[in-house]
Student: 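The following block contains the structure, expressed as structure tokens.
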Amino acid sequence: MSWLPLSFGAPMVLWGLLALPVIWYLLRLTPPRPRTEVFPPLRILARVLRREETPHQSPWWLTLLRLLMAALVVTALAEPIFNPREKLPAEGSALALVIDNGWASAADWGKRVATAERLIADAGSNGVPVVIAFTAEKPNAEIGPFDASAALDRLRAAKPRPIPTDRPAVYARVAATLERLPGASVAVLADGLAATGDEAAFKTLLEKNAARLVWVTSDRLSLTGLTGADNQVDGFTLTAIRAPGDPAPAQVTAGAFDDKGRRIADATLTFAPGQATATGTMKVPFELRNDFASIALDGEHQAGAVRVLDESSKRRRVGLLSQAEADQAQPLLSPLYYIRRALQPFADLVEPSSADLADAIPQLLDQKPAMIIMADVGTIPAQVRQRLVDWVNNGGTLVRFAGSRLAAAGNDDDLLPVRLRSGERALGGALSWTTPQPVTEFPKNGPFADLAPPTEVTVSRQVLAEPTPDIVERTWATLADGTPLVTGMKKDKGTLVLFHVTPEATWSNLPISGSFVEMLRRIVQLSRNQGAAVANAEAAAASLAPYRMIGADGALVPPTPDARPLVPAAGPLPVTLENPPGLYGSETGVFAHNLLNASSTFTPLARPQVSLPVTAIPYAFDESENLKGPLVTLALLLMVLDTLAVFWMGGLFSRRPRRAAATAAALLIVFGGLFGHADFARADDSKPGDAQAIEDISKTRIAYVITGEPGVDSISRAGLEGLTRFLIEKTALEPGPPAGVDISKDELTFYPLIYWPIDATAPMPSEAAIARIDAYMQQGGTVLFDTRDQFSNGIGGGSASPATERLRDIVGNLNVPPLEPVPSDHVLTKSFFILPEFPGRFNGSPLWVEASLDASNTENRPVRTGDGVSPIMITGNDFAGAWAVDENGDPMLPTVPPDPMQRVYALRAGVNIMMYMLTGNYKSDQVHVPVLLERLGQ
């Protein structure tokens, strides 16, 4: 029964409301009507004496209160539900749930799970089995049928994957399972994105054994993805896509991040109305663009909105080649001298070890350069010429400089941008009518268009280009007489460039000008890296191990157990569960494997045209609310008010104050037991005296200092709760909940370790409080000071942060032993995990402990000997920030840099510290085990 937005699970109970008039009549007769006795002599006394009279019926307001209480009870028994949800069609022989969990489902995965949970719950209430399959999982994943409880467990264990869906294979498996369950309801929870083979997949799934189709999809396809990120001349050009046909304009912001996760550039991309593609440019210096490690769209929490970058998008590798021998006595006459000086600041230069072109050119090509510069190279040997041509066609940039060899070699249509006239042209001199020519304005169609023409540059000799119809389009720089100085053209994916002068200052003074540097710089920026250089052919053919993966939510994460090595190929590589998007390789070099490419598009998924009954529902959370509990609570509250009213009307509160107070207190206790189970007091302060002390020592507990700053204290408590969970999971220790202590009054000896976050804005502890901390340290306790700013390595002197200054003020009043950073052979590095360092949310500060001034360490001892437990530890890495988790166990603060393994190492550091606190230097004593065993044997 449903009266929107309210429905009742047992509407027949509402007939009980008809009993309210009967209840009203009975209440009006209570208390019973008194008998009337007429005794005339007492009439005078009746007028004089005023006694409390018993009413013949209850007051109207009390009757109304009781009627309302009865109505609330009846309504609560009828199972009222506010904003009820419609019961979903989950009947038949079975319910088949086919859920897309590819990258496109990551942004609203919670809604998808909530919708699937409602379908499974309705199937469970109907008693039908559930077949559940995910389209981005392994082909051999079990799909059922299951009962409702097992299906819910599998649903909640699933997660979105950063890969495309594979509907044909999964739908075929579900169809094979439904052959044993004809007449099933099929629920398709799609991500809204069309893929190859969808039509055949839906036909396979629905044409035979399905009785009903439940089509679940979003209202519209709202994905935005990055399909391109190209390092161009004037900036990093970005290309984004969205679903076609959207009539509204849209803007998205992209951010560029370095390898430490720091945002270093932004760009805005604008979609025009109805347009599916948008472009934008990050106009930042070329050197800064080389630091880009990834680019992501803001607000898009899915893998398609992230692109990782490798060497092909960064600093270019340039090969240099010349047939002239370098003159050690005259370096300025070397053909490559000025080229090296111009390119060294912004390119990696490689040169062959051989002067023979037949050996030199393959050596350069094996290095996979983005650009090759040839200084006056004539004829290319036939055995290597085709390989050089293929390199250009596949994206290489070939820059050639003129000279006597090139002028004599003749034309080469595959390796020159223009056809050349034979010989050279001399400008100026005793036998010439002409004079050296200056450089005029750069053409607007070339890469030098925004450069100012060099007024000091003149050309005295050059090779001339044959006049052709396209000579103007291919001219990038000209002389005052209109002859080309630099020509260039695109050839397939590559570029050919020719300087019509020599690279040394013999034909022109261009190589010794500042314009020469800028011109080469622009050409380098036009080039494209061809991949990481490899040492030999065997290494080139080897597979690349997974290094950093793109998660379904777009975050960079460590490789998953399913990831396998990637074998690079010439064409686009498929994104699969074994090769998810991300970086492959190692720290020395990586290969970027992205989800989307330049040809990717977002096509909305169309609902299949079938003859089955179809129910279309949107993704949504279950917003229905059962009102039975609140109504019963309200009825009990009215019952308490009714009881108090009866006591008041009986005069209990006016005649016997003490008894009335006791009754009211008892009622309040009962009321609190019925309605309130929440403990609003802090667990640390709710039980004073011996009971609190017994509770504190019943379990090992880690304490933190209450600074008075709410933000700092909440992170400290959440951090110690996270460390406690990790200790329970990884060790045999089961600590109690962390305790917040006030060092000025709380007992400190109950806790083996006290974490003290230093905050410059918190009040300075009193001398008495510091004295209590000093006594605690002298009695065997340890205090872990954390400045949370990475600057605690400057404890001794010099400039320091405000937190470190506050730490110095506190430590200056304590009896602190000599300190040292944790040595590599200290017990702390091996107390549980093997740790070379102790990071927290940051990783820039050492962990300081008591120095072992007289420690000796021989070759046979596994750890440093001598000292016991350090009474003081100091760090600046913000341990609590790395340990802090929320109610769901998810990290609250990001690490810097955002490396998931840094958080794991921080938790391991916390385990080592606790094991060290509780066991001391037992690792040092392990060296005595052989001697003890020998004595026991004797």
Student: Sub-3.5 Å donor-acceptor pair from the side chain of Thr829 to the main-chain atoms of Asp825, do we have one?
Tutor: no

Student: So, does Asp553 use its side chain to make a donor-acceptor pair with the main chain of His301 at under 3.5 Å?
Tutor: no

Student: Going through the checks in order, is the side chain to side chain contact (heavy atoms under 4.5 Å, CB included) test met by Met917 and Val869?
Tutor: CA-CA 6 Å; Met917 293 305 308; Val869 176; 3.6 Å; yes

Student: Quick one: CG on Asp759 to CZ on Arg806, what's the gap to the nearest 0.5 Å?
Tutor: 8.0 Å

Student: For the pair Asp713 and Arg717, evaluate salt bridge (charged side-chain N to carboxylate O under 4.0 Å, His left out) and give the outcome as yes or no after the intermediate values.
Tutor: CA-CA 6 Å; Asp713 295 341; Arg717 186 171 189 86; over 6 Å; no

Student: What is the distance from atom CD1 of Ile120 to atom CD1 of Ile132, rounded to the nearest 0.5 Å?
Tutor: 4.5 Å

Student: Report yes if the side chains of Trp756 and Ile773 come closer than 4.5 Å at any heavy-atom pair, otherwise no.
Tutor: yes

Student: Please test Val911 against Leu727 for side chain to side chain contact (heavy atoms under 4.5 Å, CB included), starting from the C-alpha separation and ending with a verdict.
Tutor: CA-CA 6 Å; Val911 172; Leu727 283 165; 3.8 Å; yes

Student: Does the side chain of Trp883 reach to within under 4.5 Å of the side chain of Phe726, using non-hydrogen atoms?
Tutor: no

Student: Only pairs at least two apart or in different chains count here, so list each salt bridge (charged side-chain N to carboxylate O under 4.0 Å, His left out) that has a residue in residues 724-745.
Tutor: none

Student: Can you confirm whether the side chains of Asp789 and Thr787 place a donor and an acceptor under 3.5 Å from each other?
Tutor: yes

Student: If you look only at pairs with a residue in residues 763-784, which of them pass as a salt bridge (charged side-chain N to carboxylate O under 4.0 Å, His left out), with sequence neighbours excluded?
Tutor: none

Student: Can a donor-acceptor pair be found, under 3.5 Å and without considering hydrogens, that links the side chain of Thr724 to the backbone of Pro737?
Tutor: no

Student: Under the ring-ring contact (aromatic ring centres under 6.0 Å, His included) rule, collect the residues that match up with Phe292, sequence neighbours excluded.
Tutor: Phe236

Student: I need the His826 NE2 to Leu835 CG distance, nearest 0.5 Å.
Tutor: 13.5 Å

Student: Does Ile295 reach the side chain of Val306, with side-chain heavy atoms less than 4.5 Å apart?
Tutor: no

Student: With sequence neighbours excluded, give me every salt bridge (charged side-chain N to carboxylate O under 4.0 Å, His left out) pair touching residues 870-892.
Tutor: Arg841-Asp878

Student: Could you list all the salt bridge (charged side-chain N to carboxylate O under 4.0 Å, His left out) pairs where at least one residue sits in residues 894-910, not counting sequence neighbours?
Tutor: Arg548-Asp899

Student: Does Phe842 have more than 12 heavy atoms from other residues, nucleotides or ligands lying within 6.0 Å of its CZ?
Tutor: yes

Student: Could you check whether any side-chain N or O of Tyr905 sits under 3.5 Å from a backbone N or O of Glu837, counting only pairs where one atom can act as donor and the other as acceptor?
Tutor: no

Student: For Gln902, enumerate each residue passing the side-chain hydrogen bond (donor to acceptor under 3.5 Å, both in side chains) test, keeping only those at least two apart in sequence or located in another chain.
Tutor: none

Student: Have a look at Ile758 and tell me which of Val705, Ile874, Ile810 forms a side-chain contact (heavy atoms from CB on, under 4.5 Å) with it.
Tutor: Ile810

Student: Give, for atom CH2 of Trp103 and atom CD1 of Ile163, the distance between the pair rounded to the nearest 0.5 Å.
Tutor: 12.5 Å

Student: Got a second to check how far Thr804's OG1 is from Asp809's CG, nearest 0.5 Å?
Tutor: 11.0 Å

Student: Answer yes if the side chains of Asp786 and Thr875 hold a donor-acceptor pair under 3.5 Å, and no otherwise.
Tutor: no

Student: Hey, what do you get for CG (Leu907) to CG (Leu723), rounding to the nearest 0.5 Å?
Tutor: 6.5 Å

Student: Taking side chain as C-beta onward, heavy atoms only, is Gln778 less than 4.5 Å from Pro871?
Tutor: no

